[in-house]
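The structure under discussion appears below in the form of structure tokens.
Labels below follow one simple rule: chain letters A, B, ... track the order of the sequence lines, proteins then strands, and each chain is numbered from 1.
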There are 2 protein chains.
Amino acid sequence: MSRRDAKELKEKLLDRGVALLMEQGYHGTGLQELVQSVGVPKGSFYNYFESKEAFSAEVVAHYIEPFIKRLDAQLQRKDLGAAAALRAYFDELIEETERLDFRGGCLLGNLIGEIGDTSDLCQTSLREAVHRYRDKLREGIARAQREGGFRMDMDAKEMADLLVNFWQGALLRMKIERSVRPLTQFCDMLLNGYFKG
Amino acid sequence: MSRRDAKELKEKLLDRGVALLMEQGYHGTGLQELVQSVGVPKGSFYNYFESKEAFSAEVVAHYIEPFIKRLDAQLQRKDLGAAAALRAYFDELIEETERLDFRGGCLLGNLIGEIGDTSDLCQTSLREAVHRYRDKLREGIARAQREGGFRMDMDAKEMADLLVNFWQGALLRMKIERSVRPLTQFCDMLLNGYFKG
DNA sequence: CGTCATAATATGACCAGTCGTCTCATCTTG
DNA sequence: CAAGATGAGACGACTGGTCATATTATGACG
């Protein structure tokens, strides 16, 4: 197998890892299941990753990047202010959640709950991923403040932290209620309410 | 072993189940580990519980009850209004979290993330536990509204949902930041801010 | 340009251990 | 004596991880 294929293979493993860890969690997902469903021999896995734990830490980083990109894409839109772009971004996520029948939620939140204080490696990876996400949100919030869409008497970073944390909580609740209600309530309360001042 | 002892044994299994599921999650906890640490032979477990899944569903109910009792105890205090009692309750939890070195979080949140959409039995049990907790919070919030401590222009049930969901999110964040900051931010923003109107 | 020794990588059978579940002969108790 | 509790262990499947072997890529040399 050539080196180029090898890179694609690693990508495939990470992609599949996102899906499996989302569906079944860390301990619920076996390496055998992972490699078989990708078509990689079991032993080969360890050519690409040190361990299941190290693999999962990479999966976390692999998972969050597209969300940051999508958020950034909304913030780049010329037809929307930053406040409206944030709302558009979360509306997008809510719609997606509904399409997926309220399954999954956020891989970061799920893994934090399951192994957030038992795996140092994953804890670090999870913290860094959350911080990158938070920083992108802060960017949008700060611009919304300058544009007059959001209140100015709060630190943008603090607001971004509220947003991230509350969103995680709303996603958990969504999973057991099987309803978008917690998510829309989140938007109404923060983006359309508290943050407007 | 007499019937009375048997009842104590079941209680012991549930208590230990709370601790183990909290530390290691559902798939991370083995029945063998559970029964050995309680001193029950492995086979006996199935006299008390149908399956690991049914056991976990019972653990969930067993877990939440003390929290509801503690919240109720604060609400019964004659020296505090309902708003202050709620704040006192969460302050108590925050202090406890710090003592435990930011470990664990909330069993409900952790299990929702891990198996909230793969185990129907547990999903139901989790939803019911959250609802009981939410209803007790609503009780306090409604009284705080009547006493003039909280804003009146919002439904108490909706406010209780916000409280529960946001608290779960803050607990997740606390775990990876290893700091009470997300929890105090939660109190400041909701109890001392948004809810006062 | 072709050859080939060597280095790098891929492979999958295999390890020791654990999983959740269930059985059943034996023992305890009302 | 009947009914339930016990406890040792069987069950097949699976766990994360290893390693000797097989395959492939490499680059100096003829």
Side-chain angles (χ1 to χ4, degrees), chain A residues 1-14 16-60 111 114-115 118-123 125, chain B residues 1-60 110-111 114-115 118-123 125:
Chain A
M1 185 169 281
S2 79
R3 299 273 162 74
R4 223 193 71 249
D5 290 343
K7 206 157 200 179
E8 278 172 22
L9 201 53
K10 183 169 181 180
E11 198 86 358
K12 265 198 198 174
L13 282 168
L14 288 172
R16 195 85 191 93
V18 166
L20 286 174
L21 290 180
M22 184 84 112
E23 285 167 29
Q24 324 186 21
Y26 180 83
H27 289 108
T29 300
L31 257 21
Q32 185 170 296
E33 188 182 8
L34 170 73
V35 296
Q36 270 181 9
S37 71
V38 176
V40 182
K42 186 167 183 186
S44 292
F45 174 87
Y46 286 91
N47 292 335
Y48 302 106
F49 304 100
E50 278 252 323
S51 63
K52 184 187 184 182
E53 195 188 359
F55 169 71
S56 303
E58 280 201 51
V59 166
V60 165
L111 287 184
E114 188 184 356
I115 54 168
T118 53
S119 160
D120 282 348
L121 211 59
C122 289
Q123 180 181 97
S125 171
Chain B
M1 184 170 281
S2 77
R3 299 275 162 72
R4 222 193 71 249
D5 290 342
K7 206 157 201 177
E8 279 173 22
L9 199 54
K10 182 169 181 178
E11 199 86 358
K12 265 199 200 175
L13 282 168
L14 288 172
D15 282 341
R16 195 84 191 94
V18 166
L20 287 175
L21 290 180
M22 183 84 111
E23 284 167 31
Q24 322 183 357
Y26 181 83
H27 288 109
T29 300
L31 256 22
Q32 186 170 297
E33 186 182 9
L34 171 73
V35 296
Q36 270 181 8
S37 71
V38 177
V40 180
K42 189 171 180 180
S44 293
F45 174 88
Y46 286 90
N47 291 335
Y48 300 107
F49 304 100
E50 278 251 326
S51 63
K52 183 186 184 183
E53 194 187 359
F55 169 71
S56 303
E58 280 201 50
V59 166
V60 164
N110 296 353
L111 287 184
E114 188 184 355
I115 54 169
T118 53
S119 161
D120 282 348
L121 211 60
C122 290
Q123 181 181 96
S125 171

Next on the checklist: Less than 4.5 Å apart, side chain to side chain, heavy atoms only: is that true for B:Cys122 and B:Leu111?
Outcome noted: no
Checklist entry - Which residues pass the ring-ring contact (aromatic ring centres under 6.0 Å, His included) test with A:Tyr26, sequence neighbours left out? => result none
Next on the checklist: Using C1' atoms of five pairs at each end, report the bend of the helix from C:dC1-D:dG30 to C:dG30-D:dC1 rounded to 10 degrees.
Outcome noted: 10°
Next on the checklist: Could you check whether any side-chain N or O of B:Glu114 sits under 3.5 Å from a backbone N or O of B:His27, counting only pairs where one atom can act as donor and the other as acceptor?
Outcome noted: yes
Item to check | Residues forming a side chain to side chain donor-acceptor pair (under 3.5 Å) with B:Gln32, sequence neighbours excluded | outcome: none
Checklist entry - Would you say A:Ser44 reaches C:dT11's phosphate, i.e. side-chain N/O to OP1/OP2 under 4.0 Å? => result yes
Item to check | Side chain to side chain, B:Phe49 and B:Val59, heavy atoms closer than 4.5 Å | outcome: no
Checklist entry - What is the distance from CD of A:Gln24 to P of D:dC14, rounded to the nearest Å? => result 12 Å
Checklist entry - What does nucleotides 16-21 of chain C look like as a protein-contact string, B for base, S for sugar-phosphate only, - for none, at under 4.0 angstrom between heavy atoms? => result ---SBB
Checklist entry - Given atom CG of B:Leu9 and atom P of D:dA5, what is their separation to the nearest angstrom? => result 11 Å
Next on the checklist: I need the full list of side-chain hydrogen bond (donor to acceptor under 3.5 Å, both in side chains) pairs touching residues 33-45 of chain A, with sequence neighbours left out, sorted by first then second residue.
Outcome noted: A:Arg16-A:Ser37, A:Gln24-A:Glu33
Item to check | Student check: side-chain heavy atoms of A:Leu31 and A:Tyr46 closer than 4.5 Å | outcome: yes
Checklist entry - With B:Thr118, which residues qualify under side-chain contact (heavy atoms from CB on, under 4.5 Å), at least two apart? => result B:Ile115
Checklist entry - OP1, OP2 of C:dT9 versus side-chain N and O of A:Asn47: anything below 4.0 Å? => result no
